[in-house]
Trainee: 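After the structure tokens below, expect a handful of questions from me.
Because only heavy atoms are used, hydrogens play no part in the values below, and waters and symmetry mates are left out as well, while side chains stay in. Index from 1, following the sequence.
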Amino acid sequence: MVKSVMVAYALWAVGGLFGVHHLYLGRDSHALLWMLTLGGFGIGWIRELLRIPAYVGKANQEAGKERRRPSTIAPPPVNPVRVAGQVCVGIYFGTVALIGLSSLGFFYLLVLPLCVGAGVHLVSTVGQETSDLQKTLTASLITSPIFYGSTLSPLPISLAASVTATQHRKYKKPQAGGSPRELGPRLCRLCLAWLAFSTPLAYCVFHNTTATLYYLSDCVVALLDFFWFLPWLRSAVEYVVFMPYRFMCALTGRGYYEEVWKRMLEILLKDYTEQEKEALKVLSLGAEASFEEISRGYRELVKMWHPDHNPSKNAEDTFVKIHEAYEILLRRYRPHRFK
């Protein structure tokens, strides 16, 4: 079945962020990647505006079985964009694993490197190329123990896996893609892969929203602090990290404002945990207290109960409780500090 450039562009415009046009062209790996990253974090989707005609041409060429590569052909050339995508998606998969699966046993030794390696391999299989899955996962497993327990461990693991995948790249065997008869099984495979990726993350978000946002903010802060020695690079990384949010603002016709982002976090963090409720009681504050009120109340109580100024016997214990309560409530507002 001959593919149409106009149909591909129409699907790109309507459902391109979810890889609908790639599904139409028989590029299932690319479609899955777009489903999991919302069009390559929006950047890849925009980039495809100029690449769709080439995708359509390759799909029609394979469907007509005009292109046949011998098994002894040289490996495809190194593509810097693909390598960068492998690293970024590997880190992305690792971050999702840290959020949703970190409670599993042997997480840093087995689960994390397998997730990072799977992300790298997914990018390496996009289009006409592929790589050696076993060697990519082996590189991830070997690198993981070196950075055991580190929040930034997905970065070196992804780099090692990407280098290995790039060294063992090769062409796929020509396949006729996009057959309507095969659409059902292909959709089932894609849906199962999407569920495997999203279920742990969704469980963590819905059952532990506050902790998830804390961890996300900590990951972003750690990532940005990693580039402290190059302020311009730090700004560039921060811009890329918040690209999906900016893109959604552009789609909805609204500008990007830091205060809007902060207010959204405050809405998500509306419900206090039991520990935070106890901390509010210690500070003699209500559930509607703002961060400024919490800080002001903390300063007043510290002055009142400081052991150097209060001679009572329980002054020191009360002072410690006040400080611990303030630290608990302060963690609630840590997502704001990277702004």
Side-chain angles (χ1 to χ4, degrees), residues 29 32-33 35-37 40-41 75 78-126 129-170 192-205 208 211-229 233-234 237 240-241 338:
S29 296
L32 178 60
L33 179 62
M35 287 170 61
L36 301 181
T37 63
F41 312 108
V78 177
N79 186 338
V81 175
R82 183 183 292 268
V83 175
Q86 289 174 174
V87 175
C88 292
V89 174
I91 294 173
Y92 172 57
F93 272 48
T95 303
V96 171
L98 282 167
I99 294 171
L101 300 173
S102 57
S103 61
L104 298 177
F106 301 101
F107 172 77
Y108 285 99
L109 292 177
L110 185 62
V111 179
L112 179 61
L114 290 179
C115 291
V116 174
V120 171
H121 183 71
L122 177 60
V123 179
S124 71
T125 61
V126 166
E129 299 182 20
T130 186
S131 187
D132 192 315
L133 174 60
Q134 183 176 355
K135 292 180 180 178
T136 301
L137 294 181
T138 300
S140 300
L141 291 168
I142 292 174
T143 308
S144 183
I146 302 174
F147 302 93
Y148 184 90
S150 172
T151 306
L152 294 176
S153 55
L155 174 59
I157 297 173
S158 183
L159 286 171
S162 297
V163 170
T164 304
T166 302
Q167 290 175 340
H168 297 89
R169 63 194 182 280
K170 57 185 177 181
L192 288 174
W194 183 82
L195 285 173
F197 176 89
S198 61
T199 298
L201 180 61
Y203 176 84
C204 190
V205 168
N208 200 9
T212 302
L213 288 173
Y214 285 160
Y215 196 89
L216 279 172
S217 67
D218 287 343
C219 288
V220 173
V221 171
L223 177 63
L224 296 179
D225 288 346
F226 183 76
F227 301 100
W228 63 269
F229 54 92
L233 183 58
R234 186 183 190 278
V237 172
V240 172
V241 168
F338 56 79

Trainee: Can you label the angle between the Phe197 ring and the Tyr92 ring as parallel, tilted or perpendicular, going by 30° and 60°?
Mentor: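 Ring orientation, 0 to 90° scale: tilted.
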Trainee: Distance from Leu141 atom CG to Leu112 atom CG, nearest 0.5 Å?
Mentor: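 Output value for this atom pair is 10.0 Å.
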Trainee: Ignoring hydrogens and geometry beyond distance, is a side-chain donor-acceptor pair present between Ser29 and Thr125 at under 3.5 Å?
Mentor: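 Present: a donor and an acceptor within the cut-off.
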Trainee: Indicate yes or no: at least one non-hydrogen side-chain atom of Val96 is less than 4.5 angstrom from one of Leu36.
Mentor: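 No, side chains not in contact.
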Trainee: So does Gly149 get a backbone contact from the side chain of Ser153, meaning a donor-acceptor N/O pair under 3.5 Å?
Mentor: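 No.
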Trainee: Identify the two heavy atoms, one from Ser140 and one from Gly117, that lie closest to each other, and give their separation to 0.1 Å.
Mentor: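 Reported closest heavy-atom pair: OG-CA, 3.5 Å.
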Trainee: If every non-hydrogen atom of Gly119 is compared with every non-hydrogen atom of Val89, which pair is closest and at what distance?
Mentor: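 Heavy-atom minimum between the residues: O-CG1, 3.6 Å.
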Trainee: Is it true that Phe147 and Tyr108 have ring centroids separated by less than 6.0 Å?
Mentor: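 Phe147 vs Tyr108: aromatic centres not under 6.0 Å.
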Trainee: Write down the atom of Val83, the atom of Thr166, and the distance for their closest heavy-atom approach.
Mentor: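 The pair with the smallest heavy-atom distance is CG2-OG1, 3.6 Å.
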Trainee: Quick one: are Leu101 and Cys115 in side-chain contact, heavy atoms under 4.5 Å?
Mentor: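 Sidechains of Cys115 and Leu101: in contact.
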Trainee: Report yes if the side chains of Val126 and Arg82 come closer than 4.5 Å at any heavy-atom pair, otherwise no.
Mentor: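 Contact flag for Val126/Arg82 side chains = yes.
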Trainee: Can you tell me if Arg169 uses its side chain to pair, donor with acceptor, with the backbone of Ser124 under 3.5 Å?
Mentor: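 No, because the side chain of Arg169 does not come within donor-acceptor range (under 3.5 Å) of the backbone of Ser124.
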Trainee: At their closest point, which heavy atom of Val116 faces which heavy atom of Gly94, and how far apart are they?
Mentor: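 Looking at all heavy atoms of both residues, the closest pair is CG2-CA, 3.6 Å.
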Trainee: Strictly distance-based, threshold 3.5 Å: is any side-chain N or O of Thr136 a donor or acceptor partner for the main-chain N or O of Asp132?
Mentor: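 Side chain of Thr136 to backbone of Asp132, a donor-acceptor pair under 3.5 Å: yes, one is there.
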